[in-house]
There are 2 protein chains.
Amino acid sequence: MDISVKKKRTRGRLSREMIEDAAFEVIEREGLSGFSMRKLAAELGCEAMSIYHHFPSQAHLYEALVDRQISSIKIPDDGMRWRQRIHVAVKEYRRVATEHPAFAPFIVVYRMNSPTCLAKLNDVIGLFEAGGFGLELSARLFRATSYYLMGAILDETAGYAKGPSAVTTVSDEALARDFPGVMAAGAYFGTAGFDKTFDIGLDMLLDEMERIRDGANAR
Amino acid sequence: MDISVKKKRTRGRLSREMIEDAAFEVIEREGLSGFSMRKLAAELGCEAMSIYHHFPSQAHLYEALVDRQISSIKIPDDGMRWRQRIHVAVKEYRRVATEHPAFAPFIVVYRMNSPTCLAKLNDVIGLFEAGGFGLELSARLFRATSYYLMGAILDETAGYAKGPSAVTTVSDEALARDFPGVMAAGAYFGTAGFDKTFDIGLDMLLDEMERIRDGANAR
DNA sequence: CTTGACAACTTACGCTGTAAGGTTAATTTT
DNA sequence: AAAATTAACCTTACAGCGTAAGTTGTCAAG
């Protein structure tokens, strides 16, 4: 007649990997801001504080999630032409970062500093330097390309395609009447056009980088 | 001998404008995640719930802050060449968005839908269409340029220049030893280099857009 | 002087991350 | 086999969060 069901305590049920897997699931289901240690515990069938035995804090857990995603990025080796290598690396980063869409915005704003991430960063920076721009210019071109990449990931995972986050909303009729330019262009802002738009912008940057390099070499 | 100091109640002390001003101050002081209605109230010398008479929710307040920033953006009229107009508009957006650095990341991820913001958006989209790319391409070029702009704003206000957000940190010695590429390139990632890097990337995009347009016209 | 409305305040609720300490199961030592 | 130790998980509790609901004080109009 005991109402409360006694929890069977068993050791070794949890592991860092299990917790990380469950975290991605909860984040996708509840959204990044809807995620909490208690919801994660519920998903795992344990108590919130049990997680703290495996991760010292939520921040440590998040870092592990970032590390896991970033470390799965494959930077192309020198078996292809330079432009191709950059192209593949950028697309690969985008693919991995958007694998768990709800978590992507976190990756974008996260200032990584773990050895895992720094190693990857080091490889990518090396890739840009291999373009032969010299230290400073290749560093700046890397940043500029990152700007584009991060902005794209952010828009594709947390942008207008998900509907407005605003409290004040404008109806579709009002939109068509008062802001026809937005209405017309909006047709190309949906999920279906993400790849095409991204490739146009990326090719623009790649074209320019090649032009810069050729110009420097010709001199 | 009364320990508690009685609060003098006065009407009309608060206004939307006052609250918004104080909000920007608290956000800059405490950071976006450190901001709260209670801290805002403390700054204003009132109670948290008093704010709710002027803004129905925190989300409404945030929206007002976004509106205020976005509406202060000046889109250049047709008194200058097309490239120049885009250039000025992009730099102006960046200037306004980074005016309150701690709030900038919120603007970047915010999916605006208020008339104020839509009007501005409509103008900018019109600017891209004036480039003569046709509806679809100008829409995609606008998005690609936005990606770059948003990524830049995000990095400049919430990026590595503010130190790592990671829990795990790598010392400077370890960085120089294990990740020399990061170390070397990092010299150009500081605040001092923001403008130069941003201009390089922006000019690349503008150059390409002009090239695309000239190519289309020549055909 | 009374009345009514408005602006500010008080209290309370369910949520959050997590510090501190308790409990129990598995392992190791005797 | 029994005892001691250690590791894994749970319970409780706290401060802070946004905000719903209800209360109180103040000022302007009648």
Side-chain angles (χ1 to χ4, degrees), chain A residues 2-23 26-27 29-66 102-103 106 110 165-168, chain B residues 2-23 26-27 29-66 102-103 106 110 165-168:
Chain A
D2 198 358
I3 287 188
S4 72
V5 180
K6 219 176 221 158
K7 211 161 236 170
K8 212 198 306 208
R9 220 189 258 234
T10 32
R11 305 182 69 179
R13 281 193 306 123
L14 297 172
S15 71
R16 283 179 66 100
E17 206 192 339
M18 277 181 55
I19 295 171
E20 290 167 18
D21 289 342
V26 175
I27 287 169
R29 197 176 58 234
E30 309 280 339
L32 198 55
S33 65
F35 175 85
S36 79
M37 299 302 269
R38 284 172 174 85
K39 285 180 191 165
L40 174 56
E43 173 83 17
L44 288 162
C46 72
E47 295 303 316
M49 289 310 291
S50 304
I51 300 164
Y52 284 80
H53 182 75
H54 302 269
F55 294 94
S57 75
Q58 195 182 57
H60 284 82
L61 170 57
Y62 279 142
E63 179 175 84
L65 299 184
V66 173
F103 188 63
F106 189 88
Y110 193 76
S165 57
V167 181
T168 307
Chain B
D2 198 359
I3 287 186
S4 71
V5 181
K6 220 178 220 156
K7 209 161 237 170
K8 209 192 317 203
R9 221 190 258 234
T10 35
R11 305 184 69 180
R13 280 195 303 125
L14 297 172
S15 72
R16 285 178 65 101
E17 206 192 338
M18 275 179 57
I19 295 170
E20 291 167 18
D21 289 343
V26 176
I27 288 170
R29 195 178 58 233
E30 309 281 339
L32 198 53
S33 65
F35 175 83
S36 79
M37 298 303 269
R38 284 172 172 86
K39 284 180 190 165
L40 173 57
E43 173 81 19
L44 288 161
C46 71
E47 294 303 315
M49 289 309 291
S50 304
I51 299 164
Y52 284 80
H53 183 75
H54 302 269
F55 295 95
S57 75
Q58 194 182 58
H60 284 83
L61 170 57
Y62 279 141
E63 180 175 82
L65 299 184
V66 173
F103 188 63
F106 189 87
Y110 193 75
S165 57
V167 180
T168 307

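As the structure is a prediction and not an experimental result, all values here were calculated from the model. We name chains A, B, ... by the order of the sequence lines, and we start the count at 1 in each one.
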Quiz item: Hey, does the side-chain of A:R11 have a donor or acceptor N/O within less than 3.5 Å of a partner on the base of D:dA7?
Solution: yes
Practice problem: Please answer whether the main-chain N or O of B:T168 pairs with a side-chain N or O of A:E63 as donor and acceptor at a distance below 3.5 Å. | Solution: yes
Exercise. Compare the minimum distances between each of D:dA7, C:dC9, C:dA8 and the side chain of A:H53, then state the nucleotide with the smallest one.
Key: D:dA7
Quiz item: 5'-most contact on DNA chain C: B:L14 or A:S57, nearest heavy atom basis?
Solution: B:L14
Practice problem: Counting heavy atoms from C-beta on, name the nucleotide in D:dT19, C:dT16, D:dA8 closest to the side chain of A:S36. | Solution: C:dT16
Quiz item: Does A:R13 make a side-chain N or O approach to OP1 or OP2 of C:dT24 shorter than 4.0 Å?
Solution: no
Exercise. Check whether any side-chain N or O of A:R16 sits under 3.5 Å from a backbone N or O of A:F55 as a donor-acceptor pair, and report yes or no.
Key: no
Practice problem: Choose from C:dT18, D:dT19, C:dC9 the nucleotide whose nearest atom is closest to any side-chain atom of B:E47. | Solution: C:dC9
Quiz prompt | Heavy-atom side-chain proximity of A:V26 to A:R29 below 4.5 angstrom | solution = yes
Exercise. Examine C:dA7: is either OP1 or OP2 under 4.0 Å from a nitrogen or oxygen in the side chain of B:S50? Give yes or no.
Key: no
Exercise. Measure from the side-chain heavy atoms of B:M49 and tell me the nearest of D:dA21, C:dA8, C:dT18.
Key: D:dA21
Exercise. Examine the base of D:dG16 for any acceptor or donor lying under 3.5 Å from a partner atom in the side chain of B:R38, and report the outcome as yes or no.
Key: no
